[in-house]
Amino acid sequence: MLSEKMQAALNKQINAELHSAYIYLSMAAYFEDKNLTGFAHWMRVQAKEELGHAMKFFDFIVERRGRVWLEPVAAVPTEWASPLAVFENALAHEQKVTGLIHGLVNLAIEERDHAANSFLQWFVDEQVEEEASADAIVQQLKLAGDSGVALLMLDRELGARQGD
Ligand code: FEO
């Protein structure tokens with residue numbers, strides 16, 4: 001059984017992951033509007049990944065005979081100054097999510113919930129990857145600078161991102 005505290009914290013994380021999906025979908029809409037369909041595709045794939053993360057928490061709570069509560073999802077930004085600003089926002093967001101995951105691990109240790117701790121390790125590793133991929137694109141966009149050609153090349157590259 002999950003402790004009340006652990007159950008509440010895991011439910012909060014479902015909301016955070018759904019919020020992430022909503023943010024990335026909003027970023028996809030921004031890129032669609034700019035006709036940067038490769039960037040938009042990357043963001044759509046990312047939004048689906050976040051939904052997958054939310055479902056992992058959902059399923060874990062159910063498996064532990066806990067109760068899932070879905071709370072309202074907070075509003076997200078809809079406009080950014082540039083593609084670089086979008087990815088800087090994405091990187092900052094992932095750094096924040098990493099902090100949330102680490103907080104959950106700390107709680108699992110406090111509560112001596114070894115199953116939750118083990119479950120959360122997947123997310124600890126995933127966050128390293130999430131931060132690295134956002135950061136890599138921030139660096140590429142900085143290199144691209146004001147070059148429209150470089151931006152279009154990057155758009156083509158991001159359009160090839162695999163994912164369901
Ligand atoms: Fe669910 Fe991007 O972390």
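Start at 1 and go down the list; that is how both ligands and their atoms are numbered. Computed from a predicted model, the values in this text were never measured in an experiment. Numbering of residues begins at 1 and proceeds along the displayed sequence.
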Worksheet item: Crowded around Q95 CD? As in, over 12 foreign heavy atoms under 6.0 Å?
Response: yes

Fill in: Atom name of the N, O or S atom in E50 that lies nearest to atom 1 (Fe) of ligand 1
OE1

Practice prompt. Using a cut-off of strictly less than 2.8 Å, determine whether E130 has an N/O/S atom near atom 1 (Fe) of ligand 1.
Written response: no

Item to complete: Please state whether the rings of H93 and Y24 are parallel, tilted or perpendicular, taking 30° and 60° as the class boundaries.
Response: perpendicular

Practice prompt. Output yes when a side-chain donor or acceptor of S118 lies under 3.5 Å from a complementary backbone atom of A115, and no otherwise.
Written response: no

Worksheet item: In H53, the N, O or S atom nearest to atom 1 (Fe) of ligand 1 is which?
Response: ND1

Worksheet item: In E17, what N, O or S atom is nearest to atom 1 (Fe) of ligand 1, if we give its atom name?
Response: OE1

Discussion item. What I want to find out is whether E32 reaches R44 closely enough, with some N-O distance under 4.0 Å, to be called a salt bridge.
Written reply: yes

